[in-house]
Amino acid sequence: MAKKKPKSRAAAKTAALKKSPARKTAAKSSVRKPIKAKRASPVAKPKPRPKQRIAVSHHREEDFKADGLRTYAKYRDLGIADASHGLARAHVIRLIGPCNPDEVSKLHFHDVEFQMVYVLKGWVKTYMEGQGETLMKQGSSWTQPPRIKHLIMDYSDDVELLEVILPADFKTVELTA
């Protein structure tokens with residue numbers, strides 16, 4: 001009965017080592033020792049967010065307050081920040097007219113993950129880096145990528161905006177010329 005040829009080089013080498021007792025000792029010293037797998041250091045799992053709750057907000061004029069980011073605006077908080085435990089913020093913004101470009105038109109950015117604005121009524125003219133000037137009217141919406149440089153150029157006396165931002169608390173950086 002004829003011997004079968006090994007199918008691979010590794011199989012041929014193994015067969016040759018088995019035949020030669022002198023090579024067995026040498027082969028053992030050159031064979032790699034198995035490496036014990038190191039335990040991966042435990043990766044810190046993100047803490048689960050607390051359960052979100054329902055937030056209901058009805059329109060009331062007394063809820064518009066001048067306690068927000070811009071001195072020329074009044075904000076009506078919609079309760080999203082509290083209900084989402086800081087995941088997001090939503091508010092209605094009324095820009096107080098008439099527009100004063102010296103106060104309003106300051107280039108800045110927000111350190112956010114997401115920002116969306118929807119024009120509820122009136123109009124607003126904005127500038128966004130890479131987009132240029134854009135006139136947004138009632139029913140218009142836009143997103144602003146994180147840290148995009150932008151400013152408000154002008155707005156109508158009756159403008160109202162809905163703004164949604166993630167996370168609820170964020171930093172705004174005003175840029176100087």
Side-chain angles (χ1 to χ4, degrees), residues 38-177:
K38 291 183 180 180
R39 278 194 166 167
S41 58
V43 177
K45 292 181 182 176
K47 291 181 183 178
R49 287 195 172 272
K51 187 177 178 181
Q52 295 180 34
R53 61 178 176 76
I54 296 169
V56 176
S57 178
H58 298 286
H59 180 268
R60 297 180 334 157
E61 283 299 315
E62 60 268 23
D63 289 340
F64 283 91
K65 299 189 176 13
D67 61 355
L69 177 64
R70 300 164 189 91
T71 57
Y72 54 89
K74 288 189 177 182
Y75 298 81
R76 180 178 141 229
D77 184 68
L78 301 179
I80 306 299
D82 289 339
S84 68
H85 302 281
L87 176 66
R89 176 175 306 279
H91 47 229
V92 177
I93 306 170
R94 281 185 180 161
L95 301 179
I96 302 164
C99 177
N100 177 356
D102 291 336
E103 181 182 12
V104 172
S105 298
K106 295 181 180 177
L107 192 63
H108 64 283
F109 68 84
H110 308 291
D111 194 8
V112 298
E113 294 175 38
F114 175 81
Q115 182 176 14
M116 187 276 301
V117 183
Y118 180 85
V119 182
L120 297 167
K121 68 180 190 178
W123 57 267
V124 61
K125 187 175 185 181
T126 65
Y127 164 82
M128 287 181 278
E129 182 180 48
Q131 176 72 25
E133 297 177 14
T134 307
L135 179 63
M136 305 291 187
K137 298 177 183 179
Q138 182 174 329
S140 298
S141 69
W142 70 95
T143 58
Q144 293 181 183
R147 301 176 64 90
I148 189 171
K149 296 171 188 168
H150 64 281
L151 58 84
I152 293 175
M153 300 179 72
D154 199 4
Y155 55 82
S156 64
D157 291 349
D158 64 341
V159 70
E160 282 190 12
L161 311 168
L162 170 66
E163 184 175 52
V164 179
I165 306 164
L166 279 76
D169 296 318
F170 59 92
K171 183 176 160 186
T172 296
V173 177
E174 192 172 300
L175 303 165
T176 54

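Count residues from 1 along the sequence.
Distance alone, capped at 3.5 Å, is enough to place a donor-acceptor pair between the Arg89 side chain and the Ala168 backbone. Judged by distance alone, the side chain of His108 and the main-chain N or O of His150 form a donor-acceptor pair under 3.5 Å. Ser105 places a side-chain N or O within 3.5 Å of a backbone atom of Ile152 that can act as its donor or acceptor partner.
Leu162 has its side chain within reach of Leu78: a pair of non-hydrogen atoms, C-beta onward, lies under 4.5 Å apart. Side chains of Phe64 and His59 form a contact here, defined as non-hydrogen atoms less than 4.5 Å apart. Tyr75 is not listed as a side-chain neighbour of Lys65, based on a closest heavy-atom distance of 4.5 Å or more. For the pair Leu87 and His85, the minimum side-chain heavy-atom distance is 4.5 Å or more.
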How far apart are the C-alpha atoms of Lys137 and Val119, what are their side-chain angles, what is the distance that settles it, and do they pass the side chain to side chain contact (heavy atoms under 4.5 Å, CB included) test?
CA-CA 6 Å; Lys137 298 177 183 179; Val119 182; 5.8 Å; no
Check the pair Arg94, Glu61 against salt bridge (charged side-chain N to carboxylate O under 4.0 Å, His left out), reporting the backbone distance first and the verdict last.
CA-CA 11 Å; Arg94 281 185 180 161; Glu61 283 299 315; 2.7 Å; yes
Run Ile148 and Gln115 through side chain to side chain contact (heavy atoms under 4.5 Å, CB included) and show every step you take.
CA-CA 10 Å; Ile148 189 171; Gln115 182 176 14; 5.9 Å; no
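Residue pairs meeting the side-chain hydrogen bond (donor to acceptor under 3.5 Å, both in side chains) criterion with at least one member in residues 116-132, sequence neighbours excluded: Lys125-Glu133.
Within the model, atoms CD1 of Ile165 and CZ of Phe170 stand 3.5 Å from one another, a figure rounded to the nearest 0.5 Å. We find the CD1-CZ distance between Ile80 and Arg53 to be 9.5 Å, quoted to the nearest 0.5 Å.
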